Amino acid sequence: MMYMRFNDRIWSMMRKIPKGKVTSYKELAMSLNCNAYRAVGNACRNNPYAPEVPCHRVVKSNGDIGGFGGEMDGKKVEEKKRLLKKEGVTVKNGKVVDFEKILFKFK
DNA sequence: TCACTATATCAGC
DNA sequence: GCTGATATAGTGA
């Protein structure tokens, strides 16, 4: 399979996300290919790295937290929210406050 | 090729 | 505003 270049790229990009900021799957996808939103999420799910690649700083394009650890029901999602809050990102009702302001764009 | 995925977008209500 | 269906890109089997 052509190696995992996409995943590798995704991880590299996420690694650059500064603390206190977030990005969206869409932004990541757009920076690499264009519409591989799902592929980005896939990369995160297959993320072999843990704290090195802050996958919890990646949220949906509308500011929603999305999922985490493969659980979309909750459970780990609250952990994600907690992590973001701890890093300075305000999360309310499962959504990032001032999402556009703290959105980190690659370019 | 088929099925899966931490999404995005549109239609219907 | 919310729910469901569809589109799209990539990986694994």
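Everything numeric in this text was worked out from a predicted model, so none of it was measured.
With sequence neighbours left out, the side-chain hydrogen bond (donor to acceptor under 3.5 Å, both in side chains) criterion links A/Glu87 to A/His56, A/Arg57. A/Glu100 pairs by the side-chain hydrogen bond (donor to acceptor under 3.5 Å, both in side chains) definition with nothing, not counting sequence neighbours. Applying the side-chain hydrogen bond (donor to acceptor under 3.5 Å, both in side chains) test to A/Arg82 and every residue at least two apart in sequence or in another chain returns A/Glu79. In this view, A/Phe6 satisfies the ring pair (Phe, Tyr, Trp, His ring centres under 6.0 Å) rule with no residue, not counting sequence neighbours.
As a whole-Å value, the separation of A/Trp11 CH2 from C/dT11 P is 10 Å. Distance A/Asp64 CG to C/dG1 P: 14 Å, rounded to the nearest Å. Whole-Å rounding puts the A/Tyr37 OH to C/dT6 C1' distance at 13 Å. A straight line from CG of A/Asn62 to C1' of C/dG1 spans 13 Å, rounded to a whole angstrom. Atom CD1 of A/Ile10 and atom P of B/dT5 are 18 Å apart (whole Å). At whole-Å resolution of the value, CG in A/Asn93 and P in C/dG1 are 14 Å apart. Atom CG of A/Asp8 and atom C1' of C/dA9 are 17 Å apart (whole Å). One interatomic measurement links the two molecules: CG of A/Leu32 to P of C/dT11, which rounds to 11 Å at whole-angstrom precision.
If you check distances only, the side chain of A/Asn42 does reach the base of B/dT5 with a donor-acceptor pair under 3.5 Å.
Here A/Phe6 lies in heavy-atom contact (under 4.0 Å) with sugar-phosphate atoms only.
With distances taken from any side-chain atom of A/Ala39 to the nucleotides B/dA6, B/dA8, C/dA9, the minimum falls on C/dA9. With B/dT9, C/dA9, C/dT11 as the candidates, the nucleotide lying closest to the side chain of A/Lys26 is B/dT9. Listed candidates were C/dA9, B/dA6, B/dA8. Nearest to the side chain of A/Ala36 is C/dA9. The side chain of A/Cys44 sits closest to B/dA6 out of B/dA8, C/dT8, B/dA6.
Among pairs with a residue in residues 9-33 of chain A, those fulfilling salt bridge (Lys or Arg N to Asp or Glu O under 4.0 Å) read A/Arg15-A/Glu52, at least two apart in sequence or across chains.
Stems are defined here as 3 or more consecutive Watson-Crick or G-U wobble pairs with pairing distances under 3.5 Å; those involving DNA chain B are B:1-5 with C:9-13, B:7-13 with C:1-7.
The backbone N or O of A/Lys60 lies less than 3.5 Å from no partner atom in the side chain of A/Asp64, so there is not a single donor-acceptor pair. A donor-acceptor pair is defined here as one N or O able to donate and one able to accept, closer than 3.5 Å; no such pair exists between the side chain of A/Thr23 and the backbone of A/Val58.
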